[in-house]
Engineer: 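Take a look at this one; I'll ask things after.
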Amino acid sequence: MFYYISFLRPPPTQAALSGEPILITPQIANDLRTEYYTDVQDIFYSWSLHSPTPSSIITKPVKLTSWRASTMYKEIPVPPPRNVRNGEYWRLILSSGTSRKDQVLSLNDENLGRQPFPVLSDPIFFSARSSKAVKQERIQRSYGLNATNRDHHVIFDIIEQTSFDLDKKIWDSGIGLSSWLIQLHSGMVANTALVSKVKNALFASKSDVLELGAGTGIVAIVLGILQGLLNSPVTPGKIITTDLPSALPLLQSNIGLSQSLYHPGNAPTGVALDWDEPDISTQVASFVSGIDVIVMSDVTYNTASFPALIGTLSRLIMFSMSVTPAKPPLIILGYKERDVAERTLWEMAEKIGIRFEEVAQIPGAEGTPVEVWVGTVLVNT
């Protein structure tokens with residue numbers, strides 16, 4: 001399990017130049033905001049200048065409060081940026097430490113999740129004109145990765161909604177699976193025959209990848225960045241990342257934020273895919289060489305959707321093998337158990353010829369780890 005710093009009461013979209021503090025209520029909880037951090041945790045704040053001109057100005061982190069569950073609803077005043085000017089936009093950063101490194105969620109960290117993850121607000125507009133306070137509806141987190149034997153350091157951002165829409169938040173398995181993929185790319189995981197097969201399928205040559213249940217898109221974005229770092233004359237294959245239509249605007253926005261980090265002209269593509277629909281989309285059918293890898297994380301929280309998910313996997317496998325019969329896709333699953341009944345998915349997968357094997361666990365802070373499973377398809381499926 002991972003813990004996330006977020007806003008129970010977010011900051012406003014606009015603030016006055018009067019020097020009055022901005023009121024927020026910070027929160028430290030799990031991905032679904034249903035379990036709260038039980039220890040006392042110091043939270044530090046700093047300000048990052050967003051506009052009117054691009055800037056790397058980030059103020060020194062200052063202690064804001066010692067968060068504890070017993071006072072989780074307490075409003076906390078945050079002093080505005082010093083010498084803020086009319087018309088400037090600033091982001092509020094909350095973190096668990098006093099360095100710039102603490103403000104970025106490092107996916108390479110061997111102790112990933114041992115500290116609550118930092119958060120950034122949307123830009124706050126400071127104006128001399130008074131305005132009715134409107135609460136922000138989005139947050140952002142910055143993620144860091146070191147790839148290619150730590151020669152490249154990359155920072156990218158993911159936006160989430162503050163609403164309760166499940167497809168617009170980061171979930172534990174997305175972070176855990178992304179971390180494992182980075183370690184896989186860098187040669188930092190145990191190299192079993194199955195793991196080696198996955199690494200070759202994703203990074204050794206042209207690879208066409210399809211993601212199911214993308215949500216905010218973090219897994220596809222990490223794969224796109226990693227493929228962009230490959231020192232290969234071969235153009236990476238396509239990454240198509242799918243979810244319901246309601247998830248696409250945020251998904252596509254997050255993909256766009258990292259546009260400069262992908263292989264030129266090869267950004268992930270967000271596509272609507274409803275598991276209840278009997279036909280695969282035309283974009284998915286555009287995999288002219290079949291699908292090399294199907295990726296999915298945190299798709300097991302609703303057991304009622306399992307028949308539709310299994311049906312979709314079956315159709316995708318049949319499509320891919322109709323194009324390349326001797327090359328069924330590998331299936332990578334990031335999973336965190338929320339209910340033991342979710343593990344019936346493995347039995348249902350066996351019935352359509354998918355055999356899953358666990359290859360890794362990412363422990364996080366405490367409680368249930370994120371498990372990484374790889375499914376292989378029997379050729380006679």
Side-chain angles (χ1 to χ4, degrees), residues 4-28 41-67 74-106 115-144 153-163 168-170 216 249-250 253-254 256-261:
Y4 303 74
I5 302 175
S6 57
F7 299 103
L8 185 60
R9 172 181 173 163
T13 58
Q14 181 172 330
L17 286 175
S18 61
E20 293 183 3
I22 291 172
L23 296 178
I24 65 167
T25 302
Q27 180 184 62
I28 305 179
Q41 174 65 56
D42 288 343
I43 295 178
F44 298 83
Y45 79 93
S46 59
W47 290 98
S48 173
L49 180 60
H50 180 70
S51 67
T53 57
S55 172
S56 59
I57 295 175
I58 299 177
T59 64
K60 182 179 179 181
V62 176
K63 183 177 176 180
L64 177 66
T65 186
S66 293
W67 189 91
K74 182 181 178 182
E75 283 187 342
I76 307 293
V78 182
R82 186 176 297 177
N83 300 322
V84 60
R85 297 178 180 180
N86 184 49
E88 290 182 338
Y89 287 83
W90 290 77
R91 291 183 184 272
L92 176 62
I93 307 174
L94 301 183
S95 64
S96 60
T98 58
S99 71
R100 172 61 179 146
K101 183 176 68 174
D102 296 316
Q103 298 172 345
V104 178
L105 198 168
S106 175
Q115 293 291 325
F117 295 146
V119 67
L120 293 83
S121 74
D122 243 8
I124 301 170
F125 178 60
F126 285 86
S127 175
R129 296 182 178 181
S130 60
S131 174
K132 182 180 179 181
V134 177
K135 293 179 182 178
Q136 295 189 356
E137 297 181 348
R138 307 193 314 175
I139 58 172
Q140 184 171 305
R141 300 187 198 275
S142 295
Y143 297 82
H153 182 66
V154 174
I155 294 178
F156 65 97
D157 298 314
I158 297 287
I159 296 169
E160 305 174 49
Q161 297 279 15
T162 56
S163 65
K168 298 176 181 63
K169 292 184 181 296
I170 289 286
T216 59
L250 182 61
S253 178
N254 281 328
L257 288 176
S258 297
Q259 192 68 42
S260 64
L261 302 176

Engineer: Hey, could you give me the NZ/CG distance between Lys74 and Leu8, rounded to the nearest 0.5 Å?
Structural biologist: 14.5 Å

Engineer: Who passes ring pair (Phe, Tyr, Trp, His ring centres under 6.0 Å) against Phe156, sequence neighbours left out?
Structural biologist: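 Once residues adjacent in sequence are excluded, the partners of Phe156 under the ring pair (Phe, Tyr, Trp, His ring centres under 6.0 Å) criterion are Tyr143.
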
Engineer: Got a sec, which residues hit salt bridge (charged side-chain N to carboxylate O under 4.0 Å, His left out) with Glu88, two or more places apart in sequence or on another chain?
Structural biologist: none

Engineer: What pairs with Lys168 under salt bridge (charged side-chain N to carboxylate O under 4.0 Å, His left out), at least two apart in sequence or on another chain?
Structural biologist: Asp165

Engineer: Would you say the side chain of Ile28 lies within less than 4.5 Å of the side chain of Ile43, judging by non-hydrogen atoms?
Structural biologist: yes

Engineer: Among all residues two or more places apart in sequence or in another chain, which pass the ring pair (Phe, Tyr, Trp, His ring centres under 6.0 Å) test with Tyr89?
Structural biologist: Phe125

Engineer: Nearest 0.5 Å, what's the CZ-NZ distance between Phe44 and Lys60?
Structural biologist: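 Phe44 atom CZ to Lys60 atom NZ measures 10.5 Å (nearest 0.5 Å).
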
Engineer: Taking all non-hydrogen atoms of both residues into account, name the closest pair between Gln103 and Ile58 and its distance.
Structural biologist: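 Closest approach of Gln103 to Ile58, heavy atoms only: OE1-CG2, 3.8 Å.
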
Engineer: Identify the two heavy atoms, one from Glu160 and one from Leu250, that lie closest to each other, and give their separation to 0.1 Å.
Structural biologist: CA-CD2, 4.4 Å

Engineer: Can you check whether Pro61's main-chain N or O pairs, donor with acceptor, with Thr98's side chain at less than 3.5 Å?
Structural biologist: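 Side chain of Thr98 to backbone of Pro61, a donor-acceptor pair under 3.5 Å: no, none is there.
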
Engineer: If I compare all heavy atoms of Pro118 with all of Arg141, which pair ends up nearest, and what's the gap?
Structural biologist: O-NH1, 2.8 Å

Engineer: Would you list the pairs meeting side chain to side chain donor-acceptor pair (under 3.5 Å) in which at least one residue belongs to residues 13-28, sequence neighbours left out?
Structural biologist: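 For residues 13-28, and leaving out neighbouring residues, the side chain to side chain donor-acceptor pair (under 3.5 Å) pairs sorted by first residue read Ser6-Gln27.
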
Engineer: Got a sec, which residues hit side chain to side chain contact (heavy atoms under 4.5 Å, CB included) with Val104, two or more places apart in sequence or on another chain?
Structural biologist: Arg100, Ser142, Ile155

Engineer: Got a second to check how far Ile93's CD1 is from Leu120's CG, nearest 0.5 Å?
Structural biologist: 4.5 Å

Engineer: First locate atom CD1 of Ile159, then atom CG of Leu257, and finally report the distance between them rounded to the nearest 0.5 Å.
Structural biologist: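 Between atom CD1 of Ile159 and atom CG of Leu257 there are 4.5 Å.
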
Engineer: Taking only residues two or more places apart in sequence or in another chain, which ones pass salt bridge (charged side-chain N to carboxylate O under 4.0 Å, His left out) with Asp122?
Structural biologist: Arg91, Arg138

Engineer: Walk me through it: do Thr59 and Trp90 pass the test side chain to side chain contact (heavy atoms under 4.5 Å, CB included)?
Structural biologist: CA-CA 11 Å; Thr59 64; Trp90 290 77; 4.3 Å; yes

Engineer: Which heavy atom in Pro26 sits nearest to a heavy atom in Leu94, and how many Å separate them?
Structural biologist: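 Looking at all heavy atoms of both residues, the shortest contact is CB-CD1, 4.1 Å.
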
Engineer: Over all heavy atoms of both residues, which pair between Leu64 and Pro77 is shortest? Give the atoms and the distance, please.
Structural biologist: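 So the minimum-distance heavy-atom pair works out to CD1-O, 3.7 Å.
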
Engineer: Output yes when a side-chain donor or acceptor of Asn86 lies under 3.5 Å from a complementary backbone atom of Ala128, and no otherwise.
Structural biologist: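 Yes, because the side chain of Asn86 sits within donor-acceptor range (under 3.5 Å) of the backbone of Ala128.
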
Engineer: CG/Asn254 to CD1/Ile170 distance, rounded to the nearest 0.5 angstrom?
Structural biologist: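 If we round to the nearest 0.5 Å, Asn254:CG and Ile170:CD1 are 7.5 Å apart.
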
Engineer: For Gly97 and Ser95, which heavy atoms make the closest approach, and how far apart are they?
Structural biologist: O-OG, 3.0 Å

Engineer: Taking salt bridge (charged side-chain N to carboxylate O under 4.0 Å, His left out) as the definition, give me every residue that meets it alongside Asp42, ordered by chain and number, with sequence neighbours left out.
Structural biologist: Lys63

Engineer: Please name all residues satisfying side chain to side chain contact (heavy atoms under 4.5 Å, CB included) with Lys132, sequence neighbours left out, ordered by chain then number.
Structural biologist: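 In terms of side chain to side chain contact (heavy atoms under 4.5 Å, CB included), with neighbours along the sequence ignored, Lys132 is linked to no residue.
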
Engineer: Quick one: side chain to side chain contact (heavy atoms under 4.5 Å, CB included) partners of Pro80, sequence neighbours excluded?
Structural biologist: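 Testing Pro80 for side chain to side chain contact (heavy atoms under 4.5 Å, CB included), a comparison that skips the adjacent residues, returns Phe126.
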
Engineer: How far apart are the C-alpha atoms of Thr162 and Phe7, what are their side-chain angles, what is the distance that settles it, and do they pass the side chain to side chain contact (heavy atoms under 4.5 Å, CB included) test?
Structural biologist: CA-CA 8 Å; Thr162 56; Phe7 299 103; 5.8 Å; no

Engineer: Within the side chain of Asp102, is there an N or O that forms a donor-acceptor pair under 3.5 Å with the backbone of Ser96?
Structural biologist: no

Engineer: Could you tell me which residues satisfy ring pair (Phe, Tyr, Trp, His ring centres under 6.0 Å) with Phe117, sequence neighbours excluded, listed by chain and number?
Structural biologist: Phe2, Tyr4

Engineer: If the condition is side-chain hydrogen bond (donor to acceptor under 3.5 Å, both in side chains), which residues does Ser48 pass it with, not counting sequence neighbours?
Structural biologist: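 Residues passing side-chain hydrogen bond (donor to acceptor under 3.5 Å, both in side chains) with Ser48: none at all.
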
Engineer: Could you check whether any side-chain heavy atom of Leu92 comes within less than 4.5 Å of a side-chain heavy atom of Trp47, counting everything from C-beta outward?
Structural biologist: yes

